[in-house]
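For reference, positions follow the sequence shown, starting with 1.
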Amino acid sequence: MRRTVSILAAAALALGGTLAVSSPASAATPTLRFHGAQYDSPGTDNRSNASLNAEWISLVNTGKKAVNLNGYTVRDKSGRVYKFGKVSIPAKGGRIWLHTGKGTNNAKNRYWNSGNYIWNNTGDTAYLRNASGKQVDTCSWKSKKNRTWVAC
């Protein structure tokens with residue numbers, strides 16, 4: 001009987017240890033996340049397409065599998081939303097840039113097609129949500145002197 005109790009106690013301890021170890025993994029950095037943002041395009045903000053496209057936010061995939069972005073969204077603090085169509089981001093460091101202005105979408109660059117700047121120079125937050133609407137990552141910044149971009 002003592003042996004059975006000892007075995008059960010050891011199993012319970014092992015199970016409890018496993019649960020404690022696995023819990024922090026859910027708080028780990030997501031494999032698909034924001035990489036950086038150029039929230040203030042260089043030069044004068046004149047709303048030219050070149051200036052609008054110099055404002056961007058990028059995503060990186062650090063996972064072992066490509067991620068299909070179809071239905072994923074990027075939002076700003078004021079509620080403007082960009083919804084990805086059919087595009088995948090490659091595994092192991094694959095990146096994609098979402099530019100504010102107009103352009104032709106391709107595997108590495110997507111365009112919001114906005115005639116106005118999206119990201120606030122004085123501070124903003126970007127939200128990445130998957131196709132089910134679950135928040136995957138955020139990137140926030142505050143204005144810093146002589147700085148136009150932030151690593152997320």
Side-chain angles (χ1 to χ4, degrees), residues 13-152:
L13 180 60
L15 182 59
T18 301
L19 292 174
V21 171
S22 65
S23 291
S26 64
T29 303
T31 58
L32 177 65
R33 62 180 179 79
F34 287 115
H35 185 263
Q38 182 152 298
Y39 55 86
D40 184 7
S41 57
T44 304
D45 288 347
N46 58 14
R47 282 198 192 156
S48 70
N49 198 50
S51 179
L52 289 167
N53 282 332
E55 179 184 87
W56 50 261
I57 194 154
S58 65
L59 299 172
V60 64
N61 179 2
T62 59
K64 295 178 181 177
K65 295 181 180 179
V67 175
N68 180 351
L69 295 177
N70 193 22
Y72 275 67
T73 60
V74 172
R75 302 165 187 263
D76 74 343
K77 208 176 207 179
S78 65
R80 291 175 284 209
V81 178
Y82 175 84
K83 187 173 184 177
F84 285 95
K86 294 181 181 181
V87 65
S88 290
I89 184 168
K92 299 181 181 179
R95 281 182 62 189
I96 195 165
W97 286 262
L98 175 57
H99 301 273
T100 297
K102 295 177 171 106
T104 302
N105 290 334
N106 59 46
K108 290 195 174 206
N109 296 283
R110 292 300 204 212
Y111 297 88
W112 204 301
N113 290 318
S114 176
N116 294 307
Y117 297 97
I118 300 293
W119 307 111
N120 293 321
N121 298 350
T122 56
D124 211 334
T125 301
Y127 304 91
L128 175 64
R129 293 185 182 169
N130 66 18
S132 300
K134 181 181 177 189
Q135 188 167 292
V136 175
D137 196 22
T138 62
C139 179
S140 297
W141 59 88
K142 293 182 181 177
S143 177
K144 293 187 179 175
K145 189 175 182 181
N146 299 322
R147 186 122 189 224
T148 64
W149 64 272
V150 64
C152 299

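Contact between S143 and N121 at its shortest, heavy atoms only, is CB-O, 3.3 Å. Of all non-hydrogen atoms in K83 and G71, the two that sit nearest each other are CE-CA, 3.8 Å. The minimum heavy-atom distance linking V87 with R110 is given by the pair CB-NH2, 2.8 Å. Summarising the geometry of R33 relative to L128, their closest heavy-atom pair is CA-CD2, 4.4 Å, with the distance given to 0.1 Å. The shortest heavy-atom contact between S88 and N68 is OG-CA, 3.6 Å. Taking every heavy atom of both residues into account, R75 and W119 meet most closely at O-CH2, 3.8 Å.
For the ring pair (Phe, Tyr, Trp, His ring centres under 6.0 Å) test with Y39, the passing option among Y117, F34, W141, W149 is W141; the others fail. With S58 as the fixed residue, the side-chain hydrogen bond (donor to acceptor under 3.5 Å, both in side chains) test singles out one of R95, K108, H99: R95. Among V60, L69, T62, the single residue meeting the side-chain contact (heavy atoms from CB on, under 4.5 Å) criterion with L32 is L69.
The closest donor-acceptor contact from the side chain of N61 to the backbone of P90 lies under 3.5 Å. Judged by distance alone, the side chain of N105 and the main-chain N or O of Y111 form a donor-acceptor pair under 3.5 Å. Distance alone, capped at 3.5 Å, is enough to place a donor-acceptor pair between the D124 side chain and the K77 backbone. In this structure, E55 contributes its side chain and I118 its backbone to a donor-acceptor pair below 3.5 Å. Judged purely by atom type and a 3.5 angstrom limit, N53 uses its side chain to pair as donor or acceptor with the backbone of G101.
For the residue pair S48/N46, the side-chain donor-acceptor check at 3.5 Å is satisfied. N120 and T122 share no side-chain donor-acceptor pair at under 3.5 Å. Looking only at atom types and distance, the side chain of S51 has a donor-acceptor partner in the side chain of S41 under 3.5 Å away.
A 4.5 Å side-chain heavy-atom check between F84 and L59 finds at least one atom pair inside the cut-off. Side-chain contact between V150 and C139 is present, with at least one heavy-atom pair separated by less than 4.5 Å.
The environment of R47 atom CZ is sparse: at most 12 non-hydrogen atoms of other residues, nucleotides or ligands sit within 6.0 angstrom.
For the atom pair I96 CD1 and I57 CD1, the distance stands at 13.0 Å (nearest 0.5 Å). The structure places NZ of K64 at 11.0 Å from OG1 of T31, a figure rounded to the nearest 0.5 Å.
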